[in-house]
Novice: 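Structure provided below as structure tokens; questions to follow.
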Amino acid sequence: MTASDRPLSSKGKELCILALLCLALLGQATCQEGIYVDALVPAEHEVVGEDQYVCFRVDLPKQSLKIVGVDPLSTQDVVHHMLLFGCANDGPANEAWPCHMTSPCRGGFERVLYGWGKNAPAMTLPTGVGYGVGPGSAMQSLVLQVHYLQERPAGDQSGIRLRMTSKSTPFSAGMINYASYFTIPPGKPKHPIENQCCYSGFEILKGFAFRVHTHALGRSVNLERIEQQNGKQVSNELCERDPQLPQGFAPIKDNLLIRPGDTLKATCMFDSSAVHSPVNAGATHNDEMCNLYLMLYSQLPFFMACYGSPQVDRHGMGGIPPAGRVELDMHASWQPPGPLGAPTLGPQPAAPFAFGQVSGVAKGHNSDIWVFQRGDVVWDAQSFRSDGQHIADPTAFVQAPAVVHLDQDAGAVLSSWGENLFLMPHGLTVDFEGNVWVTDVGLHQAIKFDQQGNQLLVIGKRLEPGSDSAHLCKPTHVAVANDGTIFVADGYCNSRVVRYSATGSFEAEYRLPRGEMSIPHSVVLDECSDALYVADREHSEVHKFVISDQTLQGTWNLKQSGQVYSITVGPYGTILALCWAHREDPRLEAVNLVLLTADATGGGPEETWRLEGVGAPHDIALAASPMPVKGTGERTLALFVAETKPAGSMLRKFLFVPQGTSMADMVEAGVMEADQSAELIPGGHGVEAHLAHAHQVGNEAHNSIGNVVSHKLHMPTTLDPSSGDPALTLPGHILHQKHEAASDTVASDEDRTGSVDDLAVKHEQAVHTGLIQSDIPESDAREVVNKEEQRKLRSQVPISSGGIVGYHAATQPQSAGFGTAVSQLSSFGMPFAGLFAVAAVVLWKRLGDLQPLTAHGSHFAV
């Protein structure tokens, strides 16, 4: 008997147990909670006949969770495809029903989270990305749709395993899914089916993986971006895949940056040369389908179904909470610069930076906020000469840094510049390339800067007010289209919006057909609807112009809410307005946030929120709420309000609180964190070390945000015999073990070797090792959880508060029809020491007599 064959001595066993018990003392601090949920078609549900669809609600733990991976537990000889849906409504878990051509969610907006077909391997989301479900999320339940090809065989346990975590993720996963109805004529070797939609919102989305689906006639499915270049429509292919390969999610190299206003077109190419009659789109395997699923991430979740036109739920996940409240963020983590001249308390030194009048605020694209402030300059009755156009003192520049770059969550100053450059700062905009645009009503100019303060372009003549194509007069605000076209609100003297080319050449202007706007004060674009929105401040109206022909399409009357100072684009293309109702009695003044009705041709307010404690509001910006430390509730919206009071102006921050929820509920659900001593997870910038790092590398990250790379992904078709990985590296499914051991960073493109020709044969070997580990851009990678959090997140021995969670191999799913594969070896609240004690007994038993131990009644397999 060799040394390796001998059983451990009694002393050795005792040492093993002692070591495990010592680890138990650290268990509370070091164990990452993880939960596996097996969602299997209930054993008692019969399936008779061809092409039957079965839906059932997944039995989830009653807690807030994030889905971070999915393992398929089906084979293509039994199941044609599976789709996982997220539903807003809840219902009984142990229920299955036929769902051929019916809504899986049984009403309400349904969100596709995952799809599988043709023996596709497992999927793991990029580190730091997850789907939120349960308390704190608009997704209250999950429904799995299973399409059986034939009668369900005896003993079938088809379904999926969900890998979930109770820890927060900095980014939320989302989906754009394409589907359409069509007819394919016979005898056509190439017959394309096209479907396109435009993304309307305010965040840049990052697409990282895609899945395609057709039936037998499909030959390829691709995704293109449709954009305007030099007045012409140009298509750039982003990714492409053969639908006859395993239909799982494949990575998109370099990540796809999707800007508001981007149109994405999916095209399926069919070959009907061997078909003698028309083939329609339909639900059976004898029909055809044209589907593409684009998986993406952002700080707020985004879901859109493209059925020839976009279908969204503007009050759903990532949207504006219906009938909620907007409350001032009093959380201690929010510490922006205070007002200029504010007294200090006791012996505390004066703050290193302070705000004067805050005239402009805009969201950046890297968890940041940009502010335009006037320092010690105050706009009052003496600021301009009697003509109201020329600045009284053209030498009185703002001496303090006028442009201030802030952390979105903490309010800390990341950078600042603009000393002695501006006379009277007004509006600020950050375009989708990361450039900073400002307007100065004293200089009569709109100016473009990079993020370091280098001047790139100037529109208007310095200190020369005018109304022709070369001049501006007290311009107020700028909007920039994706192709670089510039729109300037002009302004206090002129009643127009002027359009310029990307290089600053005059193109057109927008005016009311009758009468004049009275101070066009703010402008935003919705390129998806070819719309320019203008805040007509003194008339308390918002106008919508057609960008292409300058015609007025509609007007919203907001007189009941006050004068319109600022407008902004919100989630799912919503338009929000900041209104200030002036009153002679200050006690009757009101500051309101107004959601415009969704009518294309105008209307009024759909919903109004009172903003308490705000004085002299001037501008607003939207962003995601702070990153939670505990819990997995989805982020809500944060609203930033710039004040221009003569003294005491601040940048105020509000949070949207959903109906029926209090701020305390949000803290409990993990949307906020109440523990003031806790550090925020990166992705918020609440950690001081992270902020220091952001100072060092922020310029590089910000400058890269606009570099959208068009990429065609050709999936390899042969296995790589030289791969040294412990299991196959499949296209779109990257092994993470060796990268974790060697580096703290996410996998690089060079790591993505290996491919597949016979995935169906090799699927079983790789089902638990596959990943979608598409690289998160460097600016985002700095925000995701650290290496230790990654390791815990993917731990193969997950721990929950109720006990050890059983790990079932894909080939041996649990026998029960539903539910979480959990071994309740202890009651809830059992100390971690008890868990490790159980583990010690198991280890002792196995080391002592080398006999397997199976707790059959609890589905816990060792």
Side-chain angles (χ1 to χ4, degrees), residues 125-126 128-129 170-176 196-210 222-229 234-240 249-266 292-304 306 310 318 362-368 408 429-435 450-451 480-484 502 525 527-528 569 571-573 623-624 683 698-713 746 748-749 772-784:
L125 297 180
V129 177
F171 301 100
S172 293
M175 187 80 74
I176 300 175
Q196 68 181 46
C197 283
C198 186
Y199 163 52
S200 185
F202 75 105
E203 278 194 288
I204 290 180
L205 310 177
K206 289 90 170 179
F208 63 89
F210 74 110
N222 74 345
L223 184 69
E224 300 171 280
R225 189 202 309 273
I226 310 298
E227 51 192 346
Q228 296 292 325
Q229 293 181 4
V234 178
S235 298
N236 292 310
E237 189 172 86
L238 304 167
C239 54
E240 182 270 343
F249 281 90
I252 299 176
K253 184 180 177 182
D254 300 324
N255 285 302
L256 165 64
L257 298 185
I258 307 168
R259 303 158 300 180
D262 276 353
T263 295
L264 301 179
K265 181 175 74 173
L292 187 145
Y293 303 87
L294 177 61
M295 194 176 289
L296 46 87
Y297 71 87
S298 50
Q299 290 189 329
L300 292 169
F302 178 84
F303 290 87
M304 179 172 71
C306 182
K363 178 188 183 302
H365 307 301
N366 190 33
S367 299
D368 51 354
Q408 173 180 303
T429 301
V430 180
D431 66 24
F432 292 117
E433 292 185 352
N435 300 304
D450 66 16
Q451 295 197 357
V480 184
N482 287 341
D483 67 356
L525 301 172
E527 294 187 66
C528 291
V569 178
Y572 300 109
N699 295 340
E700 173 185 322
H702 286 305
N703 287 336
S704 66
I705 193 69
N707 299 329
V708 181
V709 179
S710 296
H711 174 76
K712 181 173 181 178
L713 180 64
V746 294
S748 66
D749 292 334
I772 288 179
Q773 187 59 66
S774 178
D775 288 342
I776 292 176
E778 183 181 1
S779 57
D780 290 342
R782 297 187 189 104
E783 298 180 321
V784 299

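The analysis underlying the following values was restricted to heavy atoms, covering all of them including side chains, and did not include hydrogens, waters or symmetry mates. Not measured: the values here are computed from a predicted model.
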Novice: Given 3.5 Å as the limit, does a donor-acceptor pair link the side chain of H365 with the main chain of D431, or not?
Specialist: yes
Novice: In Å, rounded to the nearest 0.5 Å, how long is the span from CG of L296 to CZ of F171?
Specialist: 13.0 Å
Novice: Do the non-hydrogen side-chain atoms of L223 and L256 ever get within less than 4.5 Å of each other?
Specialist: yes
Novice: Might you point out which heavy atoms bring A624 and Q408 nearest each other, and give the distance in Å?
Specialist: O-NE2, 3.2 Å
Novice: Would you say N482's side chain and P260's backbone share a donor-acceptor pair under 3.5 angstrom?
Specialist: yes
Novice: Could I get the full list of salt bridge (Lys or Arg N to Asp or Glu O under 4.0 Å) partners for E527, not counting sequence neighbours?
Specialist: none
Novice: Who passes ring-ring contact (aromatic ring centres under 6.0 Å, His included) against F202, sequence neighbours left out?
Specialist: none
Novice: Measuring from atom CE of M295 to atom CE of M175, what distance do you get when rounded to the nearest 0.5 angstrom?
Specialist: 4.0 Å
Novice: Could you tell me which non-hydrogen atom of G207 sits nearest to which non-hydrogen atom of L294, and how far apart they are?
Specialist: CA-CD1, 4.4 Å
Novice: For residues L292 and A266, report the shortest heavy-atom separation together with the two atoms involved.
Specialist: CB-CB, 4.1 Å
Novice: Could you report the tightest heavy-atom contact between L205 and F302, atom names first, then the distance?
Specialist: CD1-CD2, 3.6 Å
Novice: About how many Å separate CD of Q451 and CD of E433, when rounded to the nearest 0.5 Å?
Specialist: 11.0 Å
Novice: When rounded to the nearest 0.5 angstrom, what is the spacing between SG in C197 and CE in M304?
Specialist: 5.0 Å
Novice: Can you give me the closest heavy-atom contact between C528 and G261, atom names plus distance?
Specialist: SG-CA, 3.9 Å
Novice: Any side-chain to backbone donor/acceptor pair from Y293 onto A209? Under 3.5 Å, distance only.
Specialist: no
Novice: Have a look at C198 and tell me which of L264, I226, T263, D262 forms a side-chain contact (heavy atoms from CB on, under 4.5 Å) with it.
Specialist: T263
Novice: Suppose we screen for side chain to side chain contact (heavy atoms under 4.5 Å, CB included). Which residues come up paired with E203, at least two apart in sequence or across chains?
Specialist: Y199, S298, Q299, L300, K363
Novice: Enter the distance from E240:CD to E224:CD here, rounded to the nearest 0.5 Å.
Specialist: 11.0 Å
Novice: Checking side chain to side chain contact (heavy atoms under 4.5 Å, CB included) for the pair F432/L257: CA distance, chi angles, key distance, verdict?
Specialist: CA-CA 10 Å; F432 292 117; L257 298 185; over 6 Å; no
Novice: Taking all non-hydrogen atoms of both residues, which atom of N435 and which atom of D450 are closest, and how far apart?
Specialist: OD1-CA, 4.2 Å
